[in-house]
Amino acid sequence: MNTSNRRDFRALTVFIRFGLVVCVSSPAFVAARDPEAGSLVAAQSPAKSLPESSPEPSSAAEPPPAHLVLSAQSLTFDSPGEVRTVTLGNDGGSPLRLGALRTLMTGKPTSNDFVVDGQGRRTLGPGEWMSVSVAYRPQRSSGRRQSFGALIIASDDPRLPQSPPALTSTSLQGPDRIAGVALRAGAGFGWLSWLIFAPLFGIPIVLLWPRGREPLLRWIALATTAVPLVLAALLAVRFDPGFGVGHGNFGFQFVEHVVWLRAFNVEYYVGVDGLSVGLVALTALISLLAVLGSWSMAASRQLRGYFALLLLLETGMLGVFVALDLFLFYVFWELVLLPMYFLIGLWGGPRKEYAAIKFFIYTLVGAVLILLAILALYYTSQPTYLIDGTPAAHTLDMAKLAHDNDFGSGPSLMGLRFANVVWVLLFIGFAIKIPVVPLHTWLPDAHVEAPTAVSVILAGVLLKMGTYGMLRVSWAILPEATRWGAPAVAVLGAIAVIYGGFCALGQQDLKALVAYSSIGHMGFCLLGMAALTPLGIEGAVFQMISHGVVSAMLFLLVGVLYDRTGERDIDAFGGVATVMPRYAAFFGLAFMGSLGLPGLSGFIGEFMALLGSFGPYRVSTVAAALGLVISAGYNLWAIRQVLFGDLPERWRSVLSGRDLDRREWMSLLPLAVLTIVLGFYPVPVLGAVATGVTDLLQVMGMPVVGLGGGH
């Protein structure tokens, strides 16, 4: 590494250390480590958040105003039937009027699991106190595992925030100054916070590891990424595939929900449903395999910074798939950008700086468009309450934006419908990440120049962030605009399948071939999502998971060959199967999975996407189906050129006796097993996905059964 790169690396190390300190000390991280402590830190009393000095009385004889004091800001219930008590007091100098106490729930249906005693309106004199009891009585005997709500206390304390008129006119009578007490039951272990932030605990160990013992950094990084994988596996086992919107919490499980930045109505809100649980497990698996794929990297190549950035990248990717607050979602979305830029720019190939800058510019432009759309949605959202009962004029809660807001009737922008303009901004931002033609040109350069492990993450996880963002944000929050733009999305999906296939067919670099094939495979996801049918969207989500598995295996296999030969030119090989039979078996399986051979996972997602989209978009579907022929062409050509024929003499001594070693075998075997198992038995994944897709289509007002009719 030259002197300039050493300076850049030292600066990067200092930046990561500083960022880690800021992250660990932030309220979000405190809440993530201990949900109970997080609620107490974040949900400060509204009265305490105001200046201590009250308005000066107009005359010396005027008593100080009333002041509501609460004995607790949150109540936690452990079992049904449990009763908790909160004490209300007035430590001001004037009488305090209280309105009727009530509780509210978050999620659908609106049946309340928390029952407050029948305290009616009353007045508390100065220094007077009263107790209020809240009982946890879940309305459903099964299904709901968590309940979140708030005790709403209306009073005339001038220091408290005033309820917005829209909330006051519909739900409150009498005093409209609001204080709240967060109510929650079944909060649980905090699975998702540990899952998200576990990789961060490995970063200081990696950065502070003593010099001269760099080889052990690989084991530290491997052990650190194993923790999220174990948690993701337990999460998948405990996930209830039948849990939907009708069971509460808007259909999300393992929810953690506390107020984070009260001044901006930002909440630390995470959870998973059928659309995200599979992607969380995929991310955890791919991250661990990326560490295994980095094993051959020389210790002299600054392994501290490399593995620290990999761990930071894993936190960002996991956060994107579980965040349910738009601010939190955007923080994790942007967090992914920085480590990926440095991983390509510092550890990439000969044109690494060009590829990294191109990746950074494209994705940053997309992120800015997403941010503009988020601001537009926030300022046009309806008033609501935060999770602790604090009134909020606007919300960033993705579930409430989808279920409680109608942006189709929003104001026009320059003669265009508001929802359509915001949808286009979001679509372009997410389309860059997928990427959609013609916004794809950063992808081949990034793949070719990136280290093998980074290419594995890029194809296996990062591309799915774009399609997932479309479903979670664009499709769910802006259903009318989605129906308006869906035909164009279907056309772009078909174009991606054909264009990606032809580009892959013309490549000589094996890594570039796999990169362009990813564009085509993600086109099937777009086509299935645009269909707005149960089968189409289920196929799209399954294809995201399947492509993540298959593409990761493909890039690992390319890396194995490149590590031994330093060559990726397809025509330079031939007859590899004669000296590396185990490698040839995995190579053939991976490319057949990419081909979409029946019995392998690639077939399931593509077939479902085509079947689900044939009714609404027959021309686009037929075009995409013809793209399968192109896919067969480049995949079979790659197998023929690399595995069969005569082995060039220059590779005979290099490859003979150097078949897959134990570490390479272990990194490829889980992906191969998933490719086969999901091809023959996709039921577990499809069962988990089905409920999430049903809930999404219900929010969009679309049929939840059938294949969809033609136009």
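Every value quoted in this text rests on a predicted model; they were computed, and no experiment measured them.
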Look at atom [atom1] of [X] and say whether more than 12 heavy atoms of other residues, nucleotides or ligands are closer to it than 6.0 Å.
X    : atom1 : answer
F332 : CZ    : yes
Y330 : OH    : yes
R663 : CZ    : yes

Can you confirm if the aromatic rings of H447 and Y516 lie within a centre distance of less than 6.0 Å?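 Not under 6.0 Å, so no.
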Sub-6.0 Å ring centroid separation between W475 and F427: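 Between F427 and W475, which both carry aromatic rings, the centre distance is not below 6.0 Å.
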Classify the side-chain pair [X]/[Y] by whether it contains a donor and acceptor separated by less than 3.5 Å.
X    : Y    : answer
N635 : S631 : yes
K511 : S455 : yes
Y362 : T441 : yes

Tell me, do [X] and [Y] make a side-chain contact under 4.5 Å, heavy atoms counted?
X    : Y    : result
L668 : Y583 : no
E664 : L556 : no
F591 : W637 : no
H247 : Q253 : no

Distance-minimising heavy-atom pair for [X] and [Y]:
X    : Y    : result
I432 : P435 : O-CB, 3.3 Å
A481 : W423 : CB-CB, 3.6 Å
T691 : G242 : OG1-CA, 4.0 Å

Holding to side chain to side chain donor-acceptor pair (under 3.5 Å), I want the full list of residues that pass it with S276, two or more places apart in sequence or in another chain.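 By the side chain to side chain donor-acceptor pair (under 3.5 Å) rule, S276 matches D273.
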Quick one: sort the H257 and Y269 rings into parallel, tilted or perpendicular, breaks at 30° and 60°.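 If you compare the ring of H257 with that of Y269, the planes turn out parallel.
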Would you please test V489 and V436 for side chain to side chain contact (heavy atoms under 4.5 Å, CB included) and show each step? CA-CA 10 Å; V489 177; V436 175; over 6 Å; no
Take S551 and H521 through the side chain to side chain donor-acceptor pair (under 3.5 Å) test and state the conclusion after the steps. CA-CA 10 Å; S551 64; H521 290 302; over 6 Å; no
